[in-house]
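Residue numbers start from 1 in every chain, and the chains themselves are labelled A, B, ... in the order their sequence lines are given, proteins ahead of strands. Atoms considered below: every heavy atom in the structure, side chains included; atoms not considered: hydrogens, waters and symmetry mates. As the structure is a prediction and not an experimental result, all values here were calculated from the model.
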Amino acid sequence: MSKEITSRVTDYSQWYNDIVVKADLAEHSAVRGCMVIKPHGYAIWEKMQSILDRMFKDTGHSNAYFPLFIPKSYFSKEASHVDGFATECAVVTHYRLKNDGNGNIIVDENAKLEEELIVRPTSETIIWNTYKGWIESYRDLPILVNQWANVVRWEMRTRLFLRTAEFLWQEGHTAHATKEEAIEESERMLHVYADFVENWMAVPVVRGRKSANERFAGALETYCIEALMQDGKALQAGTSHFLGQNFAKAFDVKFTGRDGKLEHVWATSWGVSTRLIGALIMAHSDDSGLVIPPKLAPIQVVIVPIYKGTEELEVISSFVTELIVKLKAKGIAVKYDDRDTQRPGFKFAEYEMKGVPVRIAIGKRDMENGTVEVARRDTKTKLTVMQDGLEIYLQQLLEEIQQNLFDRALNFRDSHITKADSYEQFKTLLDEKGGFISAHWDGTPETEQRIKEETKATIRCIPLDNPQEDGVCILTGKPSVQRVLFARAY
RNA sequence: CGGGGUGUAGCGUAGCCCGGUAUCGCGCCACAUUUGGGAUGUGGAGGUCGUAGGUUCGAAUCCUGCCACCCCGACCA
């Protein structure tokens, strides 16, 4: 099957592509810029969905669904929002096809839509147009709604999971009576995201806010969590926006307060996407393939029998059947791979490629000794373990792997936040070390833009609770009150 | 959207300059021997050579248009 993958040092970006394809997560589709998410990749997404969905429900949110299509005029209502998305919108102009008489199917020019429809790149406009009808009084607030959906952004260059023309995500859209409450909500959801990414995906993040340049089109404040990939590039793993009253004003959404006065509603929106799968891959995986943290793994433990002849297999299988019951009782997702069409070595390599956290091999020798061979994916080490009490051992091992992955990523991240005090040093660090560079910035969009043009690095975020410290901007030498995190990013 | 490149079996490729219906490897199928890290042998199946047209007795090969993909820019929360 020749499933060799390119090593990370040879070509990191090819390594990434190889993992996605060879771990069977996704593939390019017949449609330009759009991917097919394969069952193994989708299983990871489903796992992410179910955990996040529970977290959203626990913080008081409900799911709903809004249309895929948005009337073009809605878009124009919020000026900065249009500017942000105009260049990457798919537009529906007709609603019918016809036969041209020569056996070709063509667009029926007589079926032109009176108003073109935009395929949603995000749903703020259609949602705020809807909320207008839901909100009259402070008693109708807050509205805490989330939707799981697909969106389309017509990107020029795409990468599986990281940037595709269509992708899956969730978008939360909330409406509040006060500014404070809306800000609190957007911060709360940022922390929900950080909690998920760190504790489930085992990827450490920096929580912060975006500079004006990087802010969401239409937001007053964009909060984000930034993660660091193994090649030293940053990846925005989630964003949460305080939208102020911008959309309420654009769609005329007002409510009557306790005091009887009419006021515009305060808004937030927040989202994470299938891009998280890209983050997962680039944070943990190695040259043998994908590495999935146990808490997100669709299969946590795979059992591979090693046998000669059906008689040996039967003995092993009856033991495994009992073991599976015990593992499931501990909540462990287990798979027994007794396919006779593949040899053990092949299976070992396959599950390594697919990132299964723990592999158990059981052969005749083990059956005689009352042992199994346990191999962990994160360290690629093997141990012989007693069958007795195996379920407890595995439960602890899975937790240990989860922790180890996080610690490893955290260690890498922390050793890749470097201070730079001059522009020369800044550029050298970017080229030679990568990672986040903590540097003083004069706070102006112009300076950020120039640094971006000259170095391809952007301000990833201004960390929350950022220590205040007097200094001078690395580019302009103007006074600065704090350092911000720069990096080259995905 | 600019500049460059590539399209040949599921995947990776040879052939193209110098025109004669296609090479090799992996994978796939069958059988046998195998099974503690990607098995081996024997046999077999699989191709509108991206697509449309042109030149020619004859086109994977030469010419033109189109499409797709890749790389570099531009663009991108």
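Applying the 6.0 Å contact sphere to CD of Glu453(A) captures more than 12 heavy atoms from other residues, nucleotides or ligands.
G10(B) sits 13 Å from U51(B) when the P atoms are compared, rounded to a whole Å. Only the C1' atoms considered, U35(B) is 43 Å distant from U48(B), to the nearest whole Å. Nucleotides C72(B) and G15(B) have their P atoms positioned 26 Å apart, rounded to a whole Å. Separation of the C1' atoms belonging to U13(B) and U23(B) is 9 Å when rounded to the nearest angstrom. Taking the P atoms as reference points, C17(B) lies 15 Å from U6(B), given to the whole Å. G65(B) sits 26 Å from C18(B) when the C1' atoms are compared, rounded to a whole Å. For the P atom pair drawn from G53(B) and A60(B), the interatomic distance equals 14 Å after rounding to whole Å.
Sorted by residue number, the members of residues 443-462 of chain A with any non-hydrogen atom under 4.0 Å from RNA chain B read Lys456(A). Contacts between residues 358-380 of chain A and RNA chain B, defined by a heavy-atom separation below 4.0 Å, involve Arg359(A), Ala361(A), Gly363(A), Lys364(A), Arg365(A), Asp366(A), Glu373(A), listed by number. Less than 4.0 Å separates RNA chain B from at least one heavy atom of each of the following residues of residues 300-313 of chain A: Ile306(A), Tyr307(A), Lys308(A).
Between Leu52(A) and Val272(A), the closest heavy-atom pair is CD1-CG2, 3.6 Å. The two residues Asp108(A) and His94(A) make their nearest non-hydrogen contact at O-CD2, 3.3 Å.
In this structure, the side chain of Tyr351(A) does not engage the main chain of Val304(A) through any donor-acceptor pair within 3.5 Å.
The shortest side-chain heavy-atom distance between Cys224(A) and Glu214(A) does not fall under the 4.5 Å cut-off. Counting only heavy atoms from C-beta outward, the side chains of Arg377(A) and Arg359(A) never approach each other to under 4.5 Å.
Of the candidate nucleotides C75(B), G37(B), C70(B), C75(B) has the atom lying nearest to any side-chain atom of Thr87(A). Distances were taken from every side-chain heavy atom of Glu155(A) (C-beta onward) to each of G37(B), C76(B), G38(B); the shortest belongs to C76(B).
Rounded to whole Å, the distance from CD on Gln14(A) to P on C69(B) is 17 Å. Atom CD1 in Ile5(A) sits about 13 Å away from atom C1' in G38(B), given to the nearest Å. Atoms CD (Glu27(A)) and C1' (A68(B)) sit 16 Å apart, rounded to a whole Å.
Of the listed residues (Val203(A), Asp378(A), Ile292(A), Leu290(A)), just one forms a side chain to side chain contact (heavy atoms under 4.5 Å, CB included) with His284(A), and that residue is Val203(A).
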I'd like to know whether Met201(A) forms a side-chain contact (heavy atoms from CB on, under 4.5 Å) with Met48(A), so could you lay out the CA-CA distance, the side-chain angles of the two residues, the decisive distance to 0.1 Å, and finally the verdict. CA-CA 9 Å; Met201(A) 291 175 58; Met48(A) 290 176 165; 4.0 Å; yes
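Side-chain atoms of Gln342(A) and base atoms of G38(B) include no donor and acceptor less than 3.5 Å apart.
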Read 5' to 3' with Watson-Crick or G-U pairs under 3.5 Å, [ ] for crossing pairs and | for partners on another strand, RNA chain B gives ((((((((.[[[..)....(...]]].((((((.....)))))).....[[[[[..)....]]]]])))))))....
For residues 230-244 of chain A, which side-chain N or O atoms pair as donor and acceptor with protein atoms under 3.5 Å away, sequence neighbours left out?
{"residue": "Gln230(A)", "atom": "OE1", "partner": "Arg8(A)", "partner atom": "NH1", "Å": "2.5"}
{"residue": "Gln230(A)", "atom": "NE2", "partner": "Met282(A)", "partner atom": "O", "Å": "3.2"}
{"residue": "Gln230(A)", "atom": "NE2", "partner": "Ala283(A)", "partner atom": "O", "Å": "3.4"}
{"residue": "Gln230(A)", "atom": "NE2", "partner": "Ser285(A)", "partner atom": "O", "Å": "2.8"}
{"residue": "Asp231(A)", "atom": "OD1", "partner": "Lys233(A)", "partner atom": "N", "Å": "3.1"}
{"residue": "Asp231(A)", "atom": "OD2", "partner": "Tyr490(A)", "partner atom": "OH", "Å": "2.5"}
{"residue": "Gln236(A)", "atom": "OE1", "partner": "Lys210(A)", "partner atom": "NZ", "Å": "3.2"}
{"residue": "Thr239(A)", "atom": "OG1", "partner": "His241(A)", "partner atom": "NE2", "Å": "3.4"}
{"residue": "Ser240(A)", "atom": "OG", "partner": "Ser186(A)", "partner atom": "O", "Å": "2.7"}
{"residue": "His241(A)", "atom": "ND1", "partner": "Thr222(A)", "partner atom": "OG1", "Å": "2.8"}

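When the salt bridge (charged side-chain N to carboxylate O under 4.0 Å, His left out) test is applied to Glu184(A), the partners found at least two apart in sequence or on another chain are Arg188(A).
Taking the O4'-C1'-N9-C4 or O4'-C1'-N1-C2 dihedral as appropriate, U21(B) has a value within 90° of 0 and is therefore syn.
Phosphate contact (OP1/OP2 of C75(B), side-chain N/O of Arg163(A), threshold under 4.0 Å): absent.
Both Glu88(A) and Ser29(A) lie close to RNA chain B; mapped to their nearest nucleotides by heavy-atom distance, the more 5′-ward contact belongs to Ser29(A).
When heavy atoms are screened at a 4.0 angstrom cut-off, Phe85(A) is found touching base atoms of the nucleic acid.
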